[in-house]
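Following: one structure in structure tokens, then a few remarks.
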Amino acid sequence: MWPTDQHGIVQRDAALARGISPRRVDDAVRSGALILLARGRYLPREAIADVDAPRDELYRYRSIASALGSGRPVLSHDSAAAVLGLKLLYPDQKNVHVTNGRGSGGSRRPQRMVHAGLLPDDDLVDVDGVLVTGPARTAVDVTLATATFPQALTAFDAALAVGVDREDLRRRLATSRRGVGLARRALLFADGRAESPGESWSRAQMIEAELPVPDLQVEYILASGRTARCDFGVDDVFVGEFDGLVKYRRSMRAGESPEDVVIREKIREDELRDLGLDVGRWVWRDLREATMVAKLKRRYDRLGIRY
């Protein structure tokens with residue numbers, strides 16, 4: 001019922017031109033049927049009703065809506081990553097990030113971060129009429145602005161996963177800017193086969209603890225004939241799985257319940273053990289509370305894996 005543009009956003013002027021009254025628009029915002037993204041721009045709530053990560057998707061819409069205003073700023077950093085589909089570890093979703101195209105003049109405003117920085121044409125990408133920094137520039141910007149190795153590793157994993165050339169990233173880090181040492185170390189270990197921020201953070205904790213760097217997305221043929229692809233593998237002795245909630249939702253088939261997914265995963269795990277593999281699992285809580293490494297060390301000691 002709401003007129004939307006090519007991004008799925010309701011523009012107030014377009015709604016009024018369609019004959020929808022200002023009061024009806026305002027009532028929809030108050031009731032929650034429309035979510036306010038930016039002044040005069042809204043999102044129908046059903047647009048994020050069934051997505052895997054509604055908070056991430058809402059931030060993407062907020063970023064796009066902010067770029068449709070006067071001046072048409074260039075989205076960068078966490079906002080560009082959201083539009084490009086680069087999944088970050090704990091991105092800053094309180095602020096829309098833009099870069100001003102100048103060597104100075106960065107500023108912080110309510111819910112908006114303006115970064116100083118030149119914007120060569122080959123650093124820009126047009127996404128349905130919205131200008132954003134490209135994936136290589138975005139990954140480097142995010143990494144140099146971050147404070148942790150896991151966040152930097154996640155950004156580079158995501159960039160490599162969408163086809164960014166590692167040498168391009170290296171060239172961009174040939175600078176004396178603050179944070180470049182951490183960024184270069186993260187790039188050494190970056191791997192585009194990582195499929196989620198949780199997998200990147202898991203690997204970052206292993207690397208920081210000087211555990212063996214695992215192979216990623218390892219595959220085994222099970223007795224049932226199925227192929228099991230595991231997030232991590234070490235020495236064909238141990239396989240590890242990071243179990244994010246989104247992964248379980250995506251594994252659900254039509255008509256299945258969460259219990260069906262758990263049972264199917266249990267059968268798969270038993271088949272992996274029948275191959276002589278030890279199987280470990282961990283979740284977000286293990287990463288947040290830093291308990292994963294201790295669990296892995298106990299397993300590795302039992303299995304004779306050196307670290």
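Just the heavy atoms: all of them, side chains too, but no hydrogens, waters or symmetry mates, feed the values below. Each residue takes its place number in the sequence, starting with 1.
Aromatic rings from Phe149 and Trp201 are positioned such that their centres are separated by 6.0 Å or more.
By the 6.0 Å contact criterion, CZ on Arg185 is enclosed, its count of non-hydrogen atoms from other residues, nucleotides or ligands being greater than 12. Within a 6.0 Å sphere centred on NZ of Lys295, heavy atoms belonging to other residues, nucleotides or ligands number more than 12. By the neighbour-count criterion of 12 heavy atoms within 6.0 Å, atom CD of Gln6 is densely surrounded, having more than that number from other residues, nucleotides or ligands. For Arg302, the CZ atom is densely surrounded, since the number of other residues' heavy atoms within 6.0 Å is greater than 12.
Remark: the backbone N or O of Gln93 is paired with a side-chain donor or acceptor of Arg62 at under 3.5 angstrom. No donor-acceptor pair closer than 3.5 Å links the side chain of Arg203 to the backbone N or O of Ala194. For the pair Arg299 (side chain) and Val279 (backbone), a donor-acceptor distance under 3.5 Å is present. Formation of a donor-acceptor pair under 3.5 Å by the Arg166 side chain with backbone atoms of Ala190 is found in this model. Judged purely by atom type and a 3.5 angstrom limit, Arg112 has no side-chain atom pairing as donor or acceptor with the backbone of Pro110. The main-chain N or O of Val283 is found under 3.5 Å from a side-chain atom of Asp286 such that the two form a donor-acceptor pair. The closest donor-acceptor contact from the side chain of Ser200 to the backbone of Thr154 lies at 3.5 Å or more, if one exists at all. Checking side-chain atoms of Glu241 against main-chain N and O of Trp282 turns up no donor-acceptor pair under 3.5 Å. Judged purely by atom type and a 3.5 angstrom limit, Asn100 uses its side chain to pair as donor or acceptor with the backbone of Ser104.
Cluster annotation: Phe189 and Leu216 are assigned to distinct hydrophobic clusters (Ile/Leu/Val/Met/Phe/Trp/Tyr, side-chain heavy-atom contacts under 4.5 Å, transitive). Val234 is connected to Phe232 through a chain of hydrophobic side-chain contacts under 4.5 Å among Ile, Leu, Val, Met, Phe, Trp and Tyr, so both are in one cluster. No single ILVMFWY cluster, assembled from side-chain heavy atoms under 4.5 Å apart, contains both Val142 and Leu188. Leu153 and Leu287 sit in two unconnected hydrophobic clusters of ILVMFWY residues. Membership requires side-chain heavy atoms under 4.5 Å apart, directly or through other members. A continuous path of hydrophobic side-chain contacts links Leu211 to Ile305 [ILVMFWY only; heavy atoms under 4.5 Å].
Atom CG of residue Leu58 and atom CD1 of residue Ile48 lie 5.0 Å apart, to the nearest 0.5 angstrom. Separation of atoms CG (Leu34) and CG (Leu36) is listed at 9.5 Å; rounding is to 0.5 Å. Interatomic distance, Arg172 CZ to Glu167 CD, rounded to the nearest 0.5 Å: 12.0 Å. Going from atom CD of Gln111 over to atom CG of Asn95 covers 7.5 Å, rounded to the nearest 0.5 Å. Thr291 OG1 to Arg285 CZ: the interatomic distance, rounded to the nearest 0.5 Å, is 8.0 Å. Residue Thr227 holds its OG1 atom at 3.0 Å from CD1 of Ile221, rounded to the nearest 0.5 Å.
Counting heavy atoms from C-beta on, the side chains of Leu296 and Phe238 come closer than 4.5 Å. Side-chain contact between Ile64 and Val83 is present, with at least one heavy-atom pair separated by less than 4.5 Å. In this structure, Val114 and Arg108 have side chains that are not in contact, with every pair of non-hydrogen atoms separated by 4.5 Å or more. Contact of the His7 side chain with the Arg41 side chain is not registered, since no non-hydrogen atoms from C-beta on lie closer than 4.5 Å. When side chains are defined from C-beta on, Asp278 does not count as touching Val239, because their heavy atoms never get closer than 4.5 Å. Between Val218 and Asp236, every side-chain heavy-atom pair lies at or beyond the 4.5 Å cut-off. No side-chain heavy atom of Val164 sits under 4.5 Å from any side-chain heavy atom of Phe156. Between Tyr42 and Ile9, every side-chain heavy-atom pair lies at or beyond the 4.5 Å cut-off.
Classified by interplanar angle (parallel below 30°, tilted 30° to 60°, perpendicular above 60°), the ring pair His115/His77 is parallel.
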- Task: Please assess Leu173 against Leu187 for the test side chain to side chain contact (heavy atoms under 4.5 Å, CB included), listing each intermediate value before the final yes or no.
- Result: CA-CA 10 Å; Leu173 294 177; Leu187 183 57; 3.9 Å; yes
- Message: Using salt bridge (charged side-chain N to carboxylate O under 4.0 Å, His left out), reason through Lys266 and Asp270 one step at a time and then give a plain yes or no.
- Response: CA-CA 6 Å; Lys266 179 64 171 63; Asp270 287 343; 2.9 Å; yes
- Query: Are Asp5 and Gln11 close enough, and set up right, to give a side chain to side chain donor-acceptor pair (under 3.5 Å), and what steps lead you there?
  - Reply: CA-CA 7 Å; Asp5 62 15; Gln11 304 265 0; 3.2 Å; yes
- Task: Step by step, work out the salt bridge (charged side-chain N to carboxylate O under 4.0 Å, His left out) result for Glu195 and Arg229.
- Result: CA-CA 12 Å; Glu195 294 184 340; Arg229 188 159 64 98; 2.6 Å; yes
- Item | From CA spacing to verdict: salt bridge (charged side-chain N to carboxylate O under 4.0 Å, His left out), Arg24, Asp27 | CA-CA 5 Å; Arg24 189 175 173 189; Asp27 286 346; over 6 Å; no
- Message: Is there a side chain to side chain donor-acceptor pair (under 3.5 Å) between Asp301 and Tyr307? Walk through the geometry before answering.
- Response: CA-CA 9 Å; Asp301 287 341; Tyr307 57 88; 3.0 Å; yes
- Message: Working note: Asp78 + Thr138, criterion side chain to side chain contact (heavy atoms under 4.5 Å, CB included); need CA distance, chi angles, decisive distance, verdict.
- Response: CA-CA 8 Å; Asp78 304 62; Thr138 299; over 6 Å; no
- Message: Before you tell me yes or no, could you show the steps for Asp191 and Arg193 under salt bridge (charged side-chain N to carboxylate O under 4.0 Å, His left out), namely the whole-Å CA-CA distance, both residues' side-chain angles and the distance that decides it to 0.1 Å?
- Response: CA-CA 5 Å; Asp191 193 321; Arg193 294 176 297 169; 2.9 Å; yes
- Tell me, with the steps shown, if Leu75 and Thr133 meet side chain to side chain contact (heavy atoms under 4.5 Å, CB included). CA-CA 6 Å; Leu75 296 177; Thr133 52; over 6 Å; no
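Leu43 and Gly8 get closest at one heavy-atom pair: CD1-O, 3.7 Å. The two residues Leu118 and Gly103 make their nearest non-hydrogen contact at CD2-N, 3.8 Å. When every heavy atom of Ala65 is checked against every heavy atom of Leu37, the shortest pair comes out as CB-CB, 3.7 Å. Nearest approach of Ala139 to Ala155, heavy atoms of both residues: CB-O, 3.9 Å.
A donor atom on one side chain and an acceptor atom on the other are not found under 3.5 Å apart for Asp141 and Ser76. Side-chain atoms of Thr148 and Gln151 form a donor-acceptor pair, as typed in the model, at a separation below 3.5 Å. Tyr59 and Asp92 share no donor-acceptor pair across their side chains, judged by distance under 3.5 Å alone.
No salt bridge links Glu271 with Arg268; every basic N to acidic carboxylate O contact stays at or beyond 4.0 Å. Between Asp26 and Arg12, at least one side-chain N (NZ, or NE/NH1/NH2) sits under 4.0 Å from a carboxylate O, which counts as a salt bridge.
Stacking of Arg281 on the aromatic ring of Phe242 is not recorded, the 6.0 Å distance cut-off and the 45° axial limit not both being met.
None of Asp122, Thr99, Asp123 except one satisfies the side chain to side chain donor-acceptor pair (under 3.5 Å) rule with Arg137; the exception is Asp123.
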